[in-house]
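In what follows, a single structure is set out as C-alpha cells and then discussed.
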Amino acid sequence: GNNTDLCQVRVIVRDANDPPQFTQSVYEARVPEDVGNSENVVRVSAVDNDLDVNSRKFTYRMLGGNSGRVFSVDSESGWVTTAGSLDRETTDVYELIVGAVESGPGGKTGTTTVRVTVDDVNDNGPHFQPSIPEGHILENHTPYTSTVIDLRDYTQDADLPPNQGP
C-alpha cells in the first residue's frame, strides 16, 4: 500500500529588526510667534520592541520640514524645542518630520509628524497703502458735513484680529 511516514518539525521564528514606533503618528502643538529660544514645544516618544538589545538603541533626529532651522529635537529625551525666531506672518504652520533612528549598521528609522501652529501676537503696526492716501472734495463744500476719505480703506496690518489695527 500506502507508504507514509510522519516526522516532527520544529520552526524557530527569529526576531527581525523592526524600526522604532512612535506612540502617535502626529503630534500637535501651538506656540506664540514671540516665544524665546530653547522653549519646550512638545515631547515625542518612540519604543523599539526588538528582542536584540543592540537593535533597540535609537536617537531622535529632525529629518525634515524644519525651514529656517527654528526647531530642534533632543536626541535622548525627544523634546522638540525652539531654536530660532518665529514669524507667523511668514510661516504659520510647521510640519516637522522627526525620526527615531537606530544606531549601528542596518539600523532602521521610524518617523512621526510634529505639526506646530504659530499663534499671532501684535508685532506689526498698521501702515497706509498707498503711503499717502488722497481724497477729493469740492472747494465750496460745507465743512464737516461729509467724509472726504475713510483712512480705514487704505490701512493694512499683517497681524490677525484682534491684533490688527486700527
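Computed from a predicted structure; not experimentally measured. In what follows, residues are counted from 1 in the order of the sequence shown.
Val31 places a side-chain heavy atom less than 4.5 Å from the side chain of Val116. Annotation: side chain of Tyr94 is in contact with side chain of Leu86 (closest heavy-atom distance under 4.5 Å). For the pair Met62/Val98, a side-chain contact is recorded, criterion being any heavy-atom separation below 4.5 Å from C-beta on.
Heavy-atom minimum distance, Val121 versus Pro32: CG1-CB, 4.1 Å. The heavy-atom pair separating Pro20 from Ala100 by the smallest distance is CG-O, 3.5 Å. Summarising the geometry of Thr117 relative to Val93, their closest heavy-atom pair is OG1-CG2, 4.2 Å, with the distance given to 0.1 Å. The minimum heavy-atom distance linking Glu89 with Glu33 is given by the pair OE1-OE1, 3.0 Å.
The cluster map of Ile, Leu, Val, Met, Phe, Trp and Tyr, joined by side-chain heavy atoms under 4.5 Å apart, puts Val41 and Trp79 in different clusters.
Taking the side chain to side chain donor-acceptor pair (under 3.5 Å) definition, one finds that Tyr27 meets it with Thr23, sequence neighbours left out. A search for salt bridge (charged side-chain N to carboxylate O under 4.0 Å, His left out) contacts involving Asp119 returns Arg30, not counting sequence neighbours. By the side chain to side chain contact (heavy atoms under 4.5 Å, CB included) test, Thr90 pairs with Asp87, sequence neighbours left out. In this view, Glu28 and Arg115 satisfy the side chain to side chain donor-acceptor pair (under 3.5 Å) rule, not counting sequence neighbours. Scored by the side chain to side chain donor-acceptor pair (under 3.5 Å) test, Thr113 finds no partners at all (sequence neighbours excluded). Not counting sequence neighbours, the partners of Val101 by the side chain to side chain contact (heavy atoms under 4.5 Å, CB included) test are Arg61, Thr109. Residues forming a side chain to side chain contact (heavy atoms under 4.5 Å, CB included) with Thr145 (at least two apart in sequence, or on another chain): His141, Thr142. Residues satisfying the side chain to side chain contact (heavy atoms under 4.5 Å, CB included) test with Asp92, not counting sequence neighbours, are Arg88. Residues that satisfy the side chain to side chain donor-acceptor pair (under 3.5 Å) test with Ser77, not counting sequence neighbours, are Asp74.
Looking at Ser38, its side chain never comes within 3.5 Å of a backbone N or O of Thr81 through a donor-acceptor pair. No donor-acceptor pair closer than 3.5 Å links the side chain of Glu39 to the backbone N or O of Thr82. Tyr60 places no side-chain N or O within 3.5 Å of a backbone atom of Val80 that could act as its donor or acceptor partner. Judged purely by atom type and a 3.5 angstrom limit, Asn17 uses its side chain to pair as donor or acceptor with the backbone of Gly106.
Side-chain contacts under 4.5 Å among hydrophobic residues (ILVMFWY), followed directly or transitively, place Leu138 with no other residue at all. The hydrophobic cluster containing Leu63 also includes Ile97, under a criterion of side-chain heavy atoms closer than 4.5 Å among ILVMFWY residues, counted directly or through chains of members.
Within the structure, ring pair (Phe, Tyr, Trp, His ring centres under 6.0 Å) contacts touching residues 97-117 (residues at least two apart or in different chains) do not occur.
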